[in-house]
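Shown next, in structure tokens, is the structure this report addresses.
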Amino acid sequence: MKKIINDANQVVQDMVDGLVAANPTTLKQVPETFVVVRKDAPVKGKVAIVSGGGSGHEPAHAGYIGKGMLDAAVCGEVFTSPTPDQVLEAIKAVDGGAGVLLVIKNYTGDVLNFEMAAELAEMEGIQVEKVIVNDDVAVEDSSFTTGRRGIAGTIFVHKLAGAKAASGASLEEVKSVAEKVVANVRSMGMALTPCTVPAAGTPSFQLAEDEMEIGMGIHGEPGINCGLIASADEIATTLTEKILEDYDFSGEVAVLVNGLGATPEMELYIVNKKVHALLADKGIRIYKTFVGEYMTSLEMAGCSVSLLKLDEELKELLDAESLAPAFRI
Amino acid sequence: MKKIINDANQVVQDMVDGLVAANPTTLKQVPETFVVVRKDAPVKGKVAIVSGGGSGHEPAHAGYIGKGMLDAAVCGEVFTSPTPDQVLEAIKAVDGGAGVLLVIKNYTGDVLNFEMAAELAEMEGIQVEKVIVNDDVAVEDSSFTTGRRGIAGTIFVHKLAGAKAASGASLEEVKSVAEKVVANVRSMGMALTPCTVPAAGTPSFQLAEDEMEIGMGIHGEPGINCGLIASADEIATTLTEKILEDYDFSGEVAVLVNGLGATPEMELYIVNKKVHALLADKGIRIYKTFVGEYMTSLEMAGCSVSLLKLDEELKELLDAESLAPAFRI
Amino acid sequence: MELNVEDMIKWFGLANEKIQENKVYLTKLDQPIGDGDHGINMARGYQEAVLALQAKEYNAPFEVLKDASMVLLSKVGGASGPLYGTAFLKLSMEVKVKEVLNLQDLANGLEAGLTGLKQRGKSEIGEKTLIDVWGPVVDYFHKAGFQPDNLTESARKAMENTKDIIATKGRAAYFKEKSIGHIDPGSASSYLIFEALAEVIKEKE
Amino acid sequence: MELNVEDMIKWFGLANEKIQENKVYLTKLDQPIGDGDHGINMARGYQEAVLALQAKEYNAPFEVLKDASMVLLSKVGGASGPLYGTAFLKLSMEVKVKEVLNLQDLANGLEAGLTGLKQRGKSEIGEKTLIDVWGPVVDYFHKAGFQPDNLTESARKAMENTKDIIATKGRAAYFKEKSIGHIDPGSASSYLIFEALAEVIKEKE
Ligand SMILES: Nc1ncnc2c1ncn2[C@@H]1O[C@H](COP(=O)(O)OP(=O)(O)O)[C@@H](O)[C@H]1O
Ligand SMILES: Nc1ncnc2c1ncn2[C@@H]1O[C@H](COP(=O)(O)OP(=O)(O)O)[C@@H](O)[C@H]1O
Ligand SMILES: [Mg+2]
Ligand SMILES: [Mg+2]
Ligand SMILES: [Mg+2]
Ligand SMILES: [Mg+2]
């Protein structure tokens, strides 16, 4: 394991300190927690948006804190959902009286911990709603299992719900935008290499020098198949087609080509070229494209593609101002 | 070599296509070149800023194109300086009549190719000035050798010269700001792993599982020493102290903690925490901090620290609006 | 056989020792069919729980259980944190007021814990989760002829049996058929916890 | 011995073959003391040069040399592109108008190329660059008793000798003492180019 860290058990602490130090005018930490909130929180009368999850997915989620996006991010231990008390602290720190929306990626841990926090917050008289993001089409859509994972498409939920909240909308309205985004976003990823949880010290899985895994989750959970490494065009095609099979994207879309951590931006642009060609072929219009690292998996090499189907309302929300450092609009 | 590419000899072509496809409203490609320019180029009456170099350092330099920063970026082959004809095309595409400033990282290839392009442009009646960035304190400052490399500090030159140009300043004034930034910026990097030029197929150097290289250049050129991997605090201390030994930074500074490609953002924040502590100890005030991937080396793991000494003029230019996607202010 | 406050504290202490010893093993189990943090999570949570229990005076077992459940809830994280937190909270509520716990109390308490686990996890026996150890253990407690060694044995068997199950809940569910052949990490930590309980009971006999 | 337009084209063709064959080797030389692209750069540039030369009619060697230099300048990139581009441009200018080149013409032309290299690279003999091959080669051309095989031999020796030099120019300069023991990649490509020239001359004898 080669990492630039001090103590494998202190990485989240050190990261949060370094993050807040880097953004002293826009971020603050809730004392004695790994909760990071807008410096000006709570914003009176505005619905607050809280997200979070295990650490190791940076810039998700703390990079999305800012006017027009998140009010708080709860940083769990690496790959470990944060605990209910931490989520509760976040909710309390940002509630401006108009209620709080929790944006939860669909993993058992996140769902359980955020749900418990929501119950605790309601007991304290705070109005809380939640939305669960499950954009990963690599996983079968089923009500008998945990269901689909939440991956990079989550960023669109942050952005659009955040824009709606910034516009002064009610909790119900913000939640309904978030649900609309969830209903209209699909993603799929792939990996070339594993990653190592610092405190574990060894990679969480193995891929041979000529192998890749299609459909990989952001914690290294496997995908649809492990096969020989393919070309960028083939990879882009596999991911895009699986997404298009799952949902009718005809009309206009936003595209997100996301790097998992170790993949050079060059390669993401190569993938983007093919995604554009594929969508053009199908007559799907691309309204906006985002290429970069938005939802990572430590130092995993790989990428994901997300599509968000847009209508006039969603376009306006996508274009609204965001001052979040990792998603400036 | 595990890469998401199609043809190792076509990566720059594919990347430029994917980049322009992602930014259709802000970027355009000069036909039949790897030159990317602002969509609205040439901006009449504004001094234009052109930079570039070998590819593989993304988002440098095309990510810095935008109002308030670069007008054009010339993308060479991977790790290979672009040729004079390409640089000339860039100069011609962005000259708005007020002249063009070339921002060159100090490598023999970049210097030679950009200089030849400048001569050709002058022959065509375009006013061209150039500034050479040599911020890497890992290399001895010498007039008998090639001298110091240009690394991540270059981004500050782009930003501040770009802001000056946007303010309507003359070529001479823009050049003098760029030179002032060069005089006041210092950087140093380190690496944990090598990277692989796609067309070469094998890593350009080796580092054992317990080794790191301090003072590493962005093409994998070696540094001051190769030793056992140290803690984030030790690494931050080594880099920061070497920078502080080289130049008197007392007063106010901007900090840039830059990832080389494969290093998780988490680790960059851990380094940032220590850099802040060290500067605080020395009574150096931090005006602004940037943490992220600004000048990468393909999939190399590692980081660099840059400091820019600020005065009122430079602060104002640093704070000026930039619409460049990779450096939004 | 009756367990008092001290025994409860001993239970958590012993379980903690086992979890610390098996931290790497539990994490390794979570690598092929999870995200490689289960040992880290459990070790962090149990360590904190033991510290918290040492720092306080208790009058009844349910108080120990409640405090432990709160620490686990706020220190383990992931899926296992709220699950173990819930299980011990339900166990605590079931045995409320009692100053000592006999086998019947434990049986009822653990059954309440199991019910809590199922509700919280929206899951059932046979989904390759820690429930697949809690279920057989509760059954064993309800049987006549309790023997600590047999408790350990039935927990161990239950844990081993999770190898053959296809996961349908938790992170391992993404691995589908590939989850077969691997022990569920949560079942392994539950086994350690029941092994510790068996040892505490054995000492009392 | 006189070289005409066809021989010039043959020179670039032969040099290209050698460079393509040694593409990996040249890149490998550039890995320990450079950035691992020299073979890729030279192979790309020479391939393009040969294609360009085949597509046109020429009346004199200097025209071939000028076109080749322009292609190298615009296709090699890196440090070596402008250097080779400059060298061949200066060579072309030196032998301008002449319809055939004898040994003396080549000697003068290569010397002009060497001067161009030094100016462009702001470098001298002994800095572990391709100049360390061009220098001895020019010297050899000026000597009496020219023998193609000896040209090759002196170029090879010069290339080998770059092993012992500490680099002070180009990317290898960052390696300081560590650059010792490694052949300079640019010297190796220059060696191949002169080996090709020697073979062309040999055929004419
Ligand atoms: N829905 C569920 N119901 C019951 N137990 C579950 C459920 N989901 C996960 N688990 C248990 O949690 C364990 C994983 O815990 P841990 O690795 O700490 O959390 P995470 O999966 O969030 O990384 C699994 O091995 C399983 O026993
Ligand atoms: N200043 C210089 N003068 C002469 N030759 C140089 C100089 N700098 C570099 N070279 C030559 O260029 C070669 C490297 O070429 P190449 O790898 O293609 O470019 P780069 O170093 O830009 O990657 C070196 O081996 C050396 O022979
Ligand atoms: Mg986890
Ligand atoms: Mg190069
Ligand atoms: Mg886990
Ligand atoms: Mg090179």
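The basis for the numbers below is simple: all heavy atoms, side chains too, and nothing from hydrogens, waters or symmetry mates.
Across A/Thr80 and C/Arg44, no two heavy atoms sit closer than the pair CG2-NH2, 3.9 Å. Across A/Ala200 and C/Gln31, no two heavy atoms sit closer than the pair CB-NE2, 4.0 Å. Pairing each heavy atom of C/Asp35 with each of A/His219, the nearest pair is OD2-ND1, 2.8 Å. The heavy-atom pair separating C/Arg171 from A/Phe79 by the smallest distance is NH2-O, 4.4 Å.
At a 4.5 Å heavy-atom cutoff, A/Asp136 makes no contact with chain C through either its backbone or its side chain. Residue A/Gln86: no heavy atom, backbone or side chain, is found under 4.5 Å from chain C. Only the side chain of A/Glu77 comes within contact range of chain C, judged by heavy atoms closer than 4.5 Å. Interface remark: A/Val111 contributes no atoms to any contact with chain C (heavy atom separation under 4.5 Å). Interface remark: A/Thr202 contributes backbone and side-chain atoms alike to the contact with chain C (heavy atom separation under 4.5 Å). For C/Lys122, the part sitting under 4.5 Å from any heavy atom of chain A is the side chain, from C-beta outward, and nothing else.
Counting heavy-atom pairs under 4.5 Å between each of A/Gly76, A/Pro203, A/Gly217 and chain C puts A/Pro203 at the top. Counting heavy-atom pairs closer than 4.5 Å to chain C, the top residue among A/Asn113, A/Val139, A/Thr108, A/Asp110 is A/Asn113. For the options A/Gly220, A/Gly54, A/Pro84, heavy-atom pairs under 4.5 Å to chain C are most numerous at A/Pro84. Interface summary for chain A: among C/Val76, C/Ile40, C/Thr86, C/Thr27, the most heavy-atom pairs under 4.5 angstrom belong to C/Ile40.
Heavy-atom neighbours of A/Lys130 NZ from other residues, nucleotides or ligands within 6.0 Å: at or below the threshold of 12. Within 6.0 Å of the CE atom in C/Met93, the count of heavy atoms belonging to other residues, nucleotides or ligands does not exceed 12. No more than 12 heavy-atom neighbours from other residues, nucleotides or ligands sit within 6.0 angstrom of CD on C/Glu6. Summarising the local packing, CD of A/Glu140 is surrounded by 12 or fewer heavy atoms from other residues, nucleotides or ligands at distances under 6.0 Å. The 12-atom threshold is exceeded at NZ of C/Lys204, counting heavy atoms of other residues, nucleotides or ligands nearer than 6.0 Å. Around the CD atom of C/Glu153, the shell of radius 6.0 Å holds more than 12 heavy atoms that belong to other residues, nucleotides or ligands.
A distance of 13.5 Å separates CD of A/Glu221 from OG of C/Ser179, quoted to the nearest 0.5 Å.
Side-chain N or O atoms of A/Thr146 include one that pairs as donor or acceptor with a backbone N or O of C/Gly170 at under 3.5 Å.
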